[in-house]
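Please read the structure below before turning to the comments.
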Amino acid sequence: MAVEFLVDEVTNNHTSVTKPMYIRETAKIGEGAFGTVSLATLKNASASKDERWFGPFAIKKVPAQTEYKSRELEILRQTSHPNVVGLKFFFNYPNNEDRGKLYQHLVMESLPCTLQNEIKRYHASKLILQESHIQVYSFQIARGMNYLHSFGICHRDIKPSNILINPETLVLKICDFGSAKQLEYNQPSVSYICSRYYRAPELIVGCQIYSTQIDIWGLGCVIGEMFMGSPVFQGQDPLLQLREISKLLGAPDKTFLFESNPNYNGPTYTHKMFTSRLSHRFSKVFVLASPTALDLLMGILVYRPQDRLKPRQIMAHEFFQPLRDPKNKVTPRTSSEPVNVQNILYNFSDYELGVLGAEASKILPLSLSE
Ligand SMILES: Nc1ncnc2c1ncn2[C@@H]1O[C@H](COP(=O)(O)OP(=O)(O)OP(=O)(O)O)[C@@H](O)[C@H]1O
């Protein structure tokens with residue numbers, strides 16, 4: 001499908017310099033609700049004929065906003081982190097497939113697959129990811145969230161198809177900031193965001209003053225899904241989603257409902273569906289999870305957002321202890337050569353270390369924290 005075109009004004013996100021560039025799109029790699037994602041390479045328009053194309057990049061195209069600024073572009077411009085997809089260039093260009101309408105093009109670093117592809121790949125062979133891979137991937141999502149949440153940026157659509165991975169290097173990056181928003185303390189936001197299976201219970205009951213802790217619920221669902229091979233809570237409609245959650249956690253209590261939305265008058269599923277203890281139910285649902293993984297999931301999949309673990313508490317959890325030992329190498333599924341994951345997990349910036357605070361000593365590898 002290779003398509004080549006010249007764009008007069010392409011802005012480099014890093015330098016903010018705008019210049020003409022050639023774009024060569026080679027394949028469509030993703031399809032979303034509003035646009036498409038293609039694989040592409042770029043070249044300076046002034047480059048000589050034999051100068052190389054650089055890339056590959058992933059270009060996301062969505063209709064350009066005319067009345068207000070694109071939040072996705074704004075947030076991607078503001079962020080720079082190893083676990084957040086990097087924006088390289090951006091430009092507006094008419095889309096021939098949509099009557100020449102102007103589309104915003106976000107040129108991002110490209111990764112070979114999504115966590116959803118990876119989970120499905122194992123599930124097709126009746127397997128799940130190795131626990132060490134679940135640790136490496138979950139840690140990086142929590143680290144990306146620790147960074148985003150420190151600016152109040154809430155992703156609002158955490159799910160495996162919005163998590164990019166490189167199975168060879170085990171590097172992970174959060175993508176799709178199309179629903180993201182910088183939340184302001186005590187200010188309302190729409191509650192009808194986030195894909196159904198990954199929606200936090202407070203969103204289901206219509207909470208409008210929510211926090212970045214809605215992303216943590218999504219992270220719990222993603223970790224659980226890596227252990228199960230399929231989504232943990234699969235409600236057939238938005239309210240039945242709460243019923244699925246109640247089957248594991250029990251009915252939401254009055255305090256939680258009142259704090260989330262005092263006007264909620266939907267079903268509360270108070271009919272008791274089990275007699276067993278919470279830890280027993282978790283171990284029955286996540287049969288393949290180790291005791292420390294179950295403990296982590298029980299700290300995340302909690303009704304009250306303020307009682308849910310925070311990203312840095314997640315990173316400090318015992319589940320991730322094996323990664324802190326430099327002798328412990330992780331072998332990717334694509335090779336027999338182990339990867340030194342310490343290089344990708346713990347290369348914290350001074351800013352991140354500041355955000356981690358006292359928790360850092362429980363997170364850093366043993367050699368650095370002693
Ligand atoms: N940087 C990237 N590298 C590789 N693949 C990507 C990249 N960004 C997006 N994709 C692929 O494109 C898909 C859709 O991207 P994205 O979620 O950003 O678009 P969307 O229009 O918001 O989609 P949706 O409506 O499903 O949320 C992703 O699931 C992934 O498969």
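Any value given below was found using the heavy atoms of this structure, including those in side chains, with hydrogens, waters and symmetry copies removed. A quick note: this is a predicted structure, and the numbers were derived from the prediction, not measured.
The ring of Phe348 has its center no closer than 6.0 angstrom to the ring center of Tyr147. Checked against the 6.0 Å centroid threshold, Tyr264 and Phe256 do not count as a close aromatic pair. Taking the six-membered ring where the residue is Trp, the centroids of His155 and Phe177 are separated by under 6.0 Å. For Phe286 and Phe227, the distance between ring centers is not under 6.0 angstrom. Between Phe233 and Tyr197, the distance from one ring center to the other does not fall under 6.0 angstrom.
Between the side chains of Asn92 and Tyr103, not a single donor N or O lies within less than 3.5 Å of an accepting N or O. Side-chain atoms of Lys159 and Ser195 include a donor-acceptor pair closer than 3.5 Å. Defined by atom type and a distance below 3.5 Å, a donor-acceptor pair is missing between the side-chain atoms of Arg143 and Gln140. Judged purely by distance below 3.5 Å, without hydrogens or angles, the side chains of Gln104 and Ser70 pair a donor atom with an acceptor atom. Judged by distance alone, the side chains of Glu352 and His81 do bring a donor and an acceptor atom under 3.5 Å apart. When only modelled atom types and interatomic distance are considered, Tyr198 and Glu225 share a side-chain donor-acceptor pair under 3.5 Å. Inspection of the Thr114 and Asn117 side chains reveals an N or O donor paired with an N or O acceptor under 3.5 Å. Side-chain contact, Tyr22 with Thr41: no donor N or O sits under 3.5 Å from an acceptor N or O.
Side-chain contact check for Thr36 versus Lys60: every heavy-atom pair is 4.5 Å or farther apart. Here the side chains of Val330 and Val339 are not in contact, with every heavy-atom distance at 4.5 Å or above. Residues Thr331 and Glu337 fail the side-chain proximity criterion, which asks for heavy atoms closer than 4.5 Å. Contact annotation: the side chain of Val222 approaches that of Leu115 to within less than 4.5 Å [non-hydrogen atoms, C-beta and beyond]. Residues Arg71 and Lys181 are in side-chain contact: their nearest non-hydrogen atoms beyond the backbone lie under 4.5 Å apart. Counting heavy atoms from C-beta outward, Lys310 and Gln213 have side chains that approach closer than 4.5 Å.
The pair Arg308-Glu202 meets the salt-bridge criterion, since a charged nitrogen lies less than 4.0 angstrom from a carboxylate oxygen. For Glu51 and Lys43, the salt-bridge test fails: no basic side-chain N is under 4.0 Å from an acidic carboxylate O. Here Lys362 pairs with Glu359 in a salt bridge; the nearest charged N to carboxylate O distance falls below 4.0 Å. Between Glu25 and Lys61, at least one side-chain N (NZ, or NE/NH1/NH2) sits under 4.0 Å from a carboxylate O, which counts as a salt bridge. Between Arg333 and Glu168, none of the side-chain N atoms (NZ, or NE/NH1/NH2) sits under 4.0 Å from a carboxylate O, so this pair counts as no salt bridge. Salt-bridge formation is not detected for the pair Arg77/Glu74: no Lys NZ or Arg NE/NH1/NH2 atom is positioned less than 4.0 Å from an Asp or Glu carboxylate oxygen.
Judged by distance alone, the side chain of Lys28 and the main-chain N or O of Val37 form no donor-acceptor pair under 3.5 Å. Not a single donor-acceptor pair under 3.5 Å links the side chain of Ser179 to the backbone N or O of Asp157.
Under the rule for a side chain to side chain contact (heavy atoms under 4.5 Å, CB included), the partners of Val7 that lie at least two apart in sequence or sit in another chain are Phe5, Val10, Ile23, Phe91, Tyr93. Among residues two or more places apart in sequence or in another chain, the side-chain hydrogen bond (donor to acceptor under 3.5 Å, both in side chains) test is passed with Thr255 by none. In this view, Arg281 and Leu248, Phe274, Ser276, Leu278 satisfy the side chain to side chain contact (heavy atoms under 4.5 Å, CB included) rule, not counting sequence neighbours.
Residues Gly229 and Ile119 share a closest heavy-atom pair of O-CG2, 3.7 Å. The two atoms that bring Val85 and Glu109 nearest to each other are C-OE2, 3.5 Å, heavy atoms only.
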Handout entry: Candidate pair Ser211 and Tyr185, rule side-chain hydrogen bond (donor to acceptor under 3.5 Å, both in side chains), full reasoning
Key = CA-CA 8 Å; Ser211 72; Tyr185 184 69; over 6 Å; no
Practice task
Please step through side-chain hydrogen bond (donor to acceptor under 3.5 Å, both in side chains) for the pair Tyr210 and Arg156, ending with a clear verdict.
Solution key: CA-CA 11 Å; Tyr210 49 82; Arg156 305 201 299 177; 2.8 Å; yes
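Residue Gln306 qualifies as enclosed at atom CD: its count of foreign heavy atoms under 6.0 Å is above 12. Within 6.0 Å of CZ in Phe258 there are 12 or fewer heavy atoms belonging to other residues, nucleotides or ligands.
Geometric assessment of Arg199 against the ring of Trp217 yields a negative cation-pi assignment under the 6.0 Å and 45° thresholds.
In this structure, CG on Leu129 lies 11.5 Å from CG on Leu288, to the nearest 0.5 angstrom.
Put simply, Ile134 and Leu127 are part of the same group of oily side chains (I, L, V, M, F, W, Y) that touch within less than 4.5 Å, one to the next.
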